[in-house]
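Source: prediction; values computed, not measured. Below, read A as the first sequence line, B as the second, and so on, with proteins coming before strands; counting in each chain starts at 1. Values below: all heavy atoms of this structure, side chains included; hydrogens, waters and symmetry mates excluded.
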There are 2 protein chains.
Amino acid sequence: MQKTAVEKSNDPIAAQLAPVGRETVQDRVYLELRRALIGGLFEPSQVLTIRGLADALMTSTMPVREALGRLITEKALEALPNRSVRVPPITLERMDDLLRARILIEGEAIALAATRMSPRQVSVIESMLGEWDEMRALKHKKDVDREVTLNQSFHFEIYRACGSAVLIPMIESLWLQSGPCIRVAIYAFSEAGEVDTAHFHRSIVAALSVQDATVAREALVADISRPFNFLRNKLQSEAASKGTS
Amino acid sequence: MQKTAVEKSNDPIAAQLAPVGRETVQDRVYLELRRALIGGLFEPSQVLTIRGLADALMTSTMPVREALGRLITEKALEALPNRSVRVPPITLERMDDLLRARILIEGEAIALAATRMSPRQVSVIESMLGEWDEMRALKHKKDVDREVTLNQSFHFEIYRACGSAVLIPMIESLWLQSGPCIRVAIYAFSEAGEVDTAHFHRSIVAALSVQDATVAREALVADISRPFNFLRNKLQSEAASKGTS
DNA sequence: ATTTTTGATTTGTGATCACACTTGTATTGA
DNA sequence: TCAATACAAGTGTGATCACAAATCAAAAAT
């Protein structure tokens, strides 16, 4: 990035790309890894090396190690006693643990949001439903990435309306932790002829538009429980078939 | 730390102090800062510099910057646009936000713990009450540090029994964030002739010993709300008197 | 006297190096 | 043939340096 002092003057293009936004390399790496984690691009139990990521992200090891450290403290990654770091493996206990925490905290967030959202804000959320239908219309190629991204935008647009600077980062941390599980579940959905996700989102919007916190919470719980329950069944049946073989 | 290769052989003392525990300097710095934050040793709005902390902790800047990055992601510290980092200032909104989150999550944790704790575990908690009384007996010098530490041990001994690897780190993060507020409140308590904290803890233990999750949750809420309410009143009266002057 | 400008100091960020430790493989021994 | 040892490649950690940006102080101009 910063090799010589000369670059400063002879690199107007880079200056144009980042004219005022003081984005550090460390933050870029952190956000990149975060996105990959939430999207489930890394598979559970996969080990990550500092130098490997540094090469892949075209920087030195320095920003990567700081980003990894931050992700470890949010439990998005796991530090092994060997000092190597991996994405945490999926276990049934951990899944239930994560789901319970998400129901608790995201449920509270949407209940708060339901009482605080203006009709203007609700309409913004509602318009995102249309995007979802669009995507489902041309579903020949199952665009899992876009599905994950859209789902994330939908939920966090709501959570942001709860107005809690404490709850939102916690929810982000929970999504970070459950990202790998979710991706596995969504793949399984696609194979198993998936239920209409938009239906659940419509129920949420309906509850929000009449400011019904209780119903909104219930609808949200149903929505976020779905992939977990699906994955739990899948893992249990796999374990059962393995036990009999 | 690691100057020459010779140190390895000619430093048996250090080897004895850390015979097998592979403690890195980074972790030491992180835990040190964490302890200071929860204990409220830094005052709100105080800015921290990497080199300053590195000198104080007798290491290079490297472990400090990583520790600071980790604390920033848990919202225990705040990154200013200047790239300097400070402990977040206290505002009424933030206090209410923190208290609500703590009631939600710690309440859930103790409710879980109430149903899962063995009588053995309850007796361990109960014995900590005795320590508390001891300390209060010889209270000529108000040992705020010990008070904070003891309170922390009491609560986390309970939370650990909830058995959730997801909730506990979140609670730690919340304590980290509310640490500075609490310290201010405890000082105020000492000045204002403090209420008996042990009384609240006894109520909690009583509820736990009969495995009553609801009562335990209520008792806990009363306990953790106290310093927040006290501090809120203090800040509001200060603001009022400033408005009239 | 107030404002502006300039220069020096401080501070965060990224890169690189040195070292300890782990891991995996090949070589040597029985 | 198999086990144990030794060697080599790889990896995380800490220290140090270079640089840019911010901060602060003093000097200059209005």
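- Across the protein-nucleic acid pair, B:R83 atom CZ and C:dG12 atom P stand 11 Å apart, rounded to whole Å.
- Looking at heavy atoms from C-beta onward, A:L167 lies out of side-chain contact with A:E106 at the 4.5 angstrom threshold.
- For B:S60, the listed nucleotide lying nearest its side chain is D:dA15; candidates were D:dT16, D:dG14, D:dA15.
- You won't find any donor-acceptor pair under 3.5 Å spanning the side chain of A:R51 and the base of D:dG10, going by distance alone.
- Aromatic ring pairs are classed by plane angle as parallel below 30°, tilted from 30° to 60° and perpendicular above 60°; the pair B:F156 and B:Y159 is perpendicular.
- Put simply, CD on B:E66 is 12 Å from P on C:dG14, counting in whole angstrom units.
- Closest approach to the B:R65 side chain among D:dG12, C:dT11, D:dT16 is made by D:dT16 (side chain taken as heavy atoms from C-beta onward).
- Between B:R70 and B:D27 the shortest side-chain heavy-atom distance falls below 4.5 Å.
- In this structure, A:R28 places its CZ atom 10 Å from P of C:dG14, rounding to the nearest Å.
- Judged by closest nucleotide on DNA chain C, B:S84 is the one of B:S84 and A:P63 placed further toward the 5' end.
- The separation between A:M62 atom CE and D:dG12 atom P is 13 Å, rounded to whole Å.
- Atom CZ in A:R86 sits about 17 Å away from atom P in D:dT11, given to the nearest Å.
- For the pair A:L68 CG and D:dT13 P, the interatomic distance rounds to 9 Å; values are reported in whole Å.
- Put simply, the side chain of B:E108 reaches to within 4.5 Å of the side chain of A:R100, judged on heavy atoms.
- A straight line from CZ of A:R70 to C1' of C:dT13 spans 13 Å, rounded to a whole angstrom.
- OP1 or OP2 of D:dT11 has not a single side-chain nitrogen or oxygen of A:N82 nearer than 4.0 Å.
- At the heavy-atom level, B:L53 lies nowhere under 4.0 Å from the strands shown.
- Atom CD of A:E23 and atom P of C:dG14 are 10 Å apart (whole Å).
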- Item | Residues B:R102, B:S178; criterion side-chain hydrogen bond (donor to acceptor under 3.5 Å, both in side chains); working and verdict | CA-CA 9 Å; B:R102 288 190 55 180; B:S178 44; 3.2 Å; yes
